[in-house]
Protein chains: 2
Amino acid sequence: MAKLDFAPIADTTRRAEIVALLRRAILTGQLEPGQKLNELRISEQMRVSRAPLREAMRELVQEGILTGIPYAGTFVVDVTAKDIIDAYSLNKVLDEFAIELAWPQRDQRFFDELDRRHEAVKQATRAKDTTRQIETALQLHGLIYEWADNSVLLETWQRLTSRLQMYFALHQRARNEPVPAEDVHETYVALLKGSDMRAAQRHAREHIDLDFEELLAYARGLERRASKN
Amino acid sequence: MAKLDFAPIADTTRRAEIVALLRRAILTGQLEPGQKLNELRISEQMRVSRAPLREAMRELVQEGILTGIPYAGTFVVDVTAKDIIDAYSLNKVLDEFAIELAWPQRDQRFFDELDRRHEAVKQATRAKDTTRQIETALQLHGLIYEWADNSVLLETWQRLTSRLQMYFALHQRARNEPVPAEDVHETYVALLKGSDMRAAQRHAREHIDLDFEELLAYARGLERRASKN
DNA sequence: GATAATCAGATTGTCGACAATCTAACAAGA
DNA sequence: TCTTGTTAGATTGTCGACAATCTGATTATC
């Protein structure tokens, strides 16, 4: 018998599709932080009853990108400067750990995948598709987590990364500037291919700090706006 | 006006209560790994309709202690030896980070709370209440995370710890032995009160490793059982 | 005029019923 | 005997309606 690996059938529940739709809307910044999600309105727009919608929302609340208050409503999470600082500082720690775990696991498939994802980022950059650029950059970054072979770590990072994606999207959307043309990932990729693990870890830290200041400025803006209410 | 901090009103939705009930049942091992949760049966037992029950289950799926397969059912997560290894190795990393962050934040309230929680563990141990012993021990352990003042880190640890609690409960339940009488937390508490941060971090690592081997043995037993199916 | 009580509208939480899907047991055909 | 098709029962997914709760505007009371 031919040895062929079939991928699992996609989830075809309405709930799963709703989750995907909502998550995308939030992570791309189409739904703004603090915004309320009206169940009736959304369910009518999606031509779906409230039951699967509410279940989907529950998932996203647990995922940390929505907040639910009983009898008051479900809202897109507010983003504070501290949230961003916290997320980033944790990300640094996790990155170091992920690189350490993934390092001995690197093989040809790893390098190929690294190049593939790097290429995807560059393509999105050329196409000036900022949303996709953020997505692909995070996917590139996530490779070390997938190779670390630690399911809990991977899951943790995925939760963390969804927030980061949201932050970046909001940031991009706010400043509304063209995307930097140069390739900021070149060194990162090169270091992951190299033989100096410490250097890779160090760079991961510094590379992260690169956009950090800008992002923080944006978050402080958000807080000023929030304090007016 | 008197400056009094009122605690938030407890959530009075059925969903929240169901979540609490189910979580407790899972984390104490009353619901075994792999076991299927029949919606109709549970909803009848709780005298509740399936809607809030399903929403509660969705939360717990996202929380990582249940797994949901469309049109097949919702199950208590399976525990493999690798899961435990992964959780523990991540826990070490997080612990180091938490201690580092919490260290400069330590104040009198911290030390008081430390003693209080330590006392709670000792009391549960004297009462031979294994379930409560696990709970209190994890709460003691969680203090550094609460003092680290990093919401993302705290949240991450809480997710992680719910699994650890489950592992420990299953382990205890399986071996069915009396609880160790000596106080394994004495040194940990003393170090957190001291002035040598590195020593505290080191001990956190080693203290964790203490019960690790036993827990692993239990997990391997689980896997043997699972492979028979 | 300020404060408290009341009420209507909107929104969330919950329920019971129906539709879609899966499982397994059984039958049909090679 | 093995595979494939069929079917009944059980279980999950979804729906529409109702109940509980909140919000704010209005009215009543001092």
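What's counted below: heavy atoms across the whole structure, side chains too, no hydrogens, waters or symmetry copies.
With sequence neighbours left out, B:Gln108 forms a side-chain hydrogen bond (donor to acceptor under 3.5 Å, both in side chains) with B:Asp112. Taking B:Ala169 as the reference, B:Ile134 meet the side-chain contact (heavy atoms from CB on, under 4.5 Å) condition, with sequence neighbours excluded. Residues passing the side-chain hydrogen bond (donor to acceptor under 3.5 Å, both in side chains) test with B:Thr131, sequence neighbours excluded: none. Under the rule for a ring pair (Phe, Tyr, Trp, His ring centres under 6.0 Å), the partners of A:Tyr145 that lie at least two apart in sequence or sit in another chain are A:Trp157. For A:Ser89, the side-chain hydrogen bond (donor to acceptor under 3.5 Å, both in side chains) partners two or more places apart in sequence, or in a different chain, are B:Asn150. The side-chain hydrogen bond (donor to acceptor under 3.5 Å, both in side chains) check on A:Gln30 picks up A:Thr28, with sequence neighbours excluded.
For the helix from C:dG1-D:dC30 to C:dA30-D:dT1, the rotation axes defined at the first and last 5 base pairs enclose an angle of 0°, given to the nearest 10°.
The stretch residues 138-148 of chain A participates, sequence neighbours left out, in these salt bridge (Lys or Arg N to Asp or Glu O under 4.0 Å) pairs: A:Arg117-A:Glu146.
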Treat primed atoms plus P, OP1 and OP2 as sugar-phosphate and everything else as base, then score nucleotides 6-17 of chain D 5' to 3': B for base contact with protein heavy atoms under 4.0 Å, S for sugar-phosphate contact only, - for none. -----SBBBB-B
